[in-house]
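Chain letters run A, B, ... following the sequence lines, proteins first, then strands; residues in each count from 1.
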Amino acid sequence: MTEDLESLYRTTYSAVVRFLYRKVWDADRAQDLAQEVFLRAMTHQPEKPRAWVFAVAANLARDEARAAVRRKRHLTLLKSDAGVLPGSPPPADDMVEHDEKMAKVQRALDLLSPRDREVLLLWDAGLSYPEIAQQTGLAVGAVGTTLARARRRLVEAHDREESRDHAAHS
Amino acid sequence: MRHIPEEELHAYLDQALSRSQCVEIERHLASCDTCRATRDNLAALRDRTTALLAVLAPPAVFPPDFDELRRRAAAQPAHRRPHWGWWAASILAAIGLGWTAHTWQDQDTATPSRVASARPAADTVRGDTATTRIPLGESPAPDTAAPRRVAATPRRSTPAPKPGVSRPSRGDSLPGRPAALTTEVAVAPLVLPDSSTSDATAPQQDDAGFAGQDQDRGLWLLFSVSAAEEESGAPLARVQGLPVVQVKVQRLSPHEKIVAVDQQLASGEVIRTIEGPADRVTDLLSSQGRTPADAAADTYMAMRHGNRMVAVTGRVPVDSLRALLNRLPLPSPDH
């Protein structure tokens with residue numbers, strides 16, 4: 001089992017880090033969490049390690065986001081700034097500082113519904129339809145539909161913004 | 001001519017379809033310009049998605065040495081901080097929820113302190129499985145933590161449901177349940193079956209100690225969700241939207257079985273949904289660990305329909321259990 005885990009580690013580590021990065025938007029934190037995920041996998045020896053790893057990663061990222069929101073809310077209360085709504089993603093401006101291209105894609109991704117976004121990110125991470133189905137609670141048949149919609153929306157949202165920019169600069 | 005639906009083409013492009021489905025689609029594509037064009041569009045869409053998402057990547061990462069990870073895993077402390085969720089649950093229980101008329105206010109026995117100190121700390125995805133056991137039979141332990149299960153006093157009659165009673169949809173609040181239902185709430189020391197690292201491929205004993213004590217009671221077999229559903233010809237009793245960590249089935253007789261589905265909450269806690277004949281599920285819920293250290297104080301909430309019962313257990317507050325139970329379908333009377 002440890003052998004399987006080792007090869008899984010080698011083959012999916014980057015995908016897990018990327019997956020986490022798209023939730024916590026911090027490269028170092030994503031790496032830390034990825035390490036934590038695989039540490040837990042070693043302890044628990046799950047039967048379906050690949051799906052398990054992404055399920056745990058998603059949960060860790062969610063805990064992280066909640067903690068961050070709580071901290072932020074605490075700070076904003078102290079500073080009496082406008083509060084942050086729990087559960088909402090941090091505004092795009094906070095996240096990635098200087099890369100406008102990245103920010104654009106990020107904003108487009110943000111426009112998806114949480115479920116569509118999750119399915120898309122899991123697919124991009126390399127999970128199969130059945131694995132995605134199990135993790136999200138969707139029927140396997142619904143995964144294709146969700147991906148179809150998510151892809152279309154992502155591309156359209158991104159292209160809309162692109163064309164707006166071009167119009168503004170022309 | 002019927003065209004291929006877009007989602008099917010997406011699945012086809014993602015290689016998520018069976019060989020025969022692919023053959024059928026390819027045959028159609030060979031003779032249909034429209035669908036070929038659609039396929040090309042969708043392939044381009046898919047590629048663009050990949051390209052866009054690729055932008056959202058951190059600087060290249062190289063996995064740290066696996067052996068280093070192994071060392072860290074070995075060095076980890078065995079115990080983590082104990083959950084205080086049980087305290088909340090016991091307090092809630094002591095206050096009373098008004099569900100049933102029976103006395104379980106005396107639940108705040110010596111159990112809390114005993115359990116808090118003895119409980120093996122839980123990790124997130126699975127409970128600390130090394131020490132939990134559950135014998136299937138009833139063997140009330142001779143210590144102070146005797147389970148005080150609420151006797152089920154049906155508040156309404158319990159014969160077969162009236163014709164025309166429809167199943168409540170998910171998310172209905174409980175008052176909408178049909179009359180033939182009884183709900184029990186109990187705060188009882190409950191030991192979850194050992195979700196050990198058994199191999200999923202062969203039917204196996206859950207753990208040697210368990211089987212040794214109750215050989216004639218049958219064995220817990222591990223299943224995948226799809227296999228279990230195929231086997232019973234019906235959907236599993238589980239909460240939609242939560243990842244399934246494990247499915248176990250125990251065949252009580254050729255036509256009877258009890259199913260336990262473990263799922264992970266967003267918090268990391270694992271809950272278990274148990275479905276089967278009411279008396280068997282009740283047995284399971286009231287059984288106890290063999291030693292005080294084994295007994296993990298979990299709470300459960302059950303829903304009974306005729307002679308079937310579905311229950312949700314876990315180290316979560318009773319409110320959460322209720323909410324989870326609401327999301328389960330009614331146990332069907334003739335399974």
At a 4.5 Å cut-off on heavy atoms, which part of [X] comes close to chain B: side chain, backbone, both, or neither?
X	answer
Ser128(A)	neither
Leu60(A)	neither
Arg62(A)	side chain
Lys48(A)	side chain
Gln31(A)	side chain

Heavy-atom neighbours of Glu68(B) CD exceed 12 at 6.0 Å |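 Counting other residues, nucleotides and ligands, CD of Glu68(B) exceeds 12 neighbours.
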Around atom CD of Glu24(B), are there more than 12 heavy atoms of other residues, nucleotides or ligands at under 6.0 Å?
->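 Check fails, neighbour count at 12 or below.
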Please name all residues satisfying ring-ring contact (aromatic ring centres under 6.0 Å, His included) with Tyr129(A), sequence neighbours left out, ordered by chain then number.
->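 ring-ring contact (aromatic ring centres under 6.0 Å, His included) list for Tyr129(A), sorted by chain: empty.
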Kindly indicate whether the side chain of Gln135(A), heavy atoms from C-beta on, has any atom under 4.5 Å from the side chain of Leu242(B).
-> no
Find out whether Pro64(B) and Gln35(A) are in side-chain contact, i.e. whether some heavy atom of one side chain is under 4.5 Å from a heavy atom of the other.
-> yes
With a 4.5 angstrom heavy-atom cut-off, which part of Ala54(B) approaches chain A: side chain, backbone, both or neither?
->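 Just its backbone gets close to chain A.
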Under 4.5 Å from a heavy atom of chain A, the part of Leu265(B) involved | backbone
Please determine, among Arg72(B), Gln15(B), Glu8(B), the option with the most heavy-atom pairs under 4.5 Å with chain A.
->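 So the answer, after comparing Arg72(B), Gln15(B), Glu8(B), is Arg72(B).
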Which of the residues Ala266(B), Ala16(B), Pro243(B), Pro5(B) is involved in the greatest number of heavy-atom pairs with chain A at under 4.5 angstrom?
->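 Highest number of pairs under 4.5 Å: Ala266(B).
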Atom [atom1] of [X] and atom [atom2] of [Y]: how far apart are they, to the nearest 0.5 Å?
X	Y	atom1	atom2	value
Gln240(B)	Thr136(A)	CD	OG1	9.5 Å
Gln134(A)	Gln263(B)	CD	CD	9.5 Å
Arg71(B)	Met42(A)	CZ	CE	10.5 Å
Leu109(A)	Leu53(B)	CG	CG	6.5 Å
Arg70(B)	Tyr9(A)	CZ	OH	11.0 Å
Trp123(A)	Thr49(B)	CH2	OG1	6.0 Å

How would you list, by chain and number, every residue that makes a side-chain contact (heavy atoms from CB on, under 4.5 Å) with Ala57(A), sequence neighbours excluded?
->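 If we apply the side-chain contact (heavy atoms from CB on, under 4.5 Å) test to Ala57(A), skipping adjacent residues, the hits are Val16(A), Phe19(A), Leu20(A), Val37(A).
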Can a salt bridge be assigned to the pair Arg149(A) and Glu7(B) using a cut-off of 4.0 Å between side-chain N and carboxylate O?
-> no
Sidechain N-carboxylate O distance under 4.0 Å for Arg151(A), Asp47(B) =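 Not counted as a salt bridge, because no side-chain N and carboxylate O are separated by less than 4.0 Å.
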Looking only at heavy atoms, what is the nearest atom pair of Ala57(B) and Met102(A), with distance?
->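 Residues Ala57(B) and Met102(A), closest heavy atoms: O-CE, 3.4 Å.
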Which atom names give the shortest non-hydrogen contact between Leu69(B) and Phe38(A), and what distance separates them?
->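 Heavy-atom minimum between the residues: CD2-CB, 3.5 Å.
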side-chain contact (heavy atoms from CB on, under 4.5 Å) assessment of Arg152(A) paired with Leu42(B) = CA-CA 9 Å; Arg152(A) 185 171 299 285; Leu42(B) 295 184; 3.7 Å; yes
One option among Leu120(A), Val105(A), Val140(A) has the most heavy-atom pairs under 4.5 Å with chain B, and it is Val105(A)
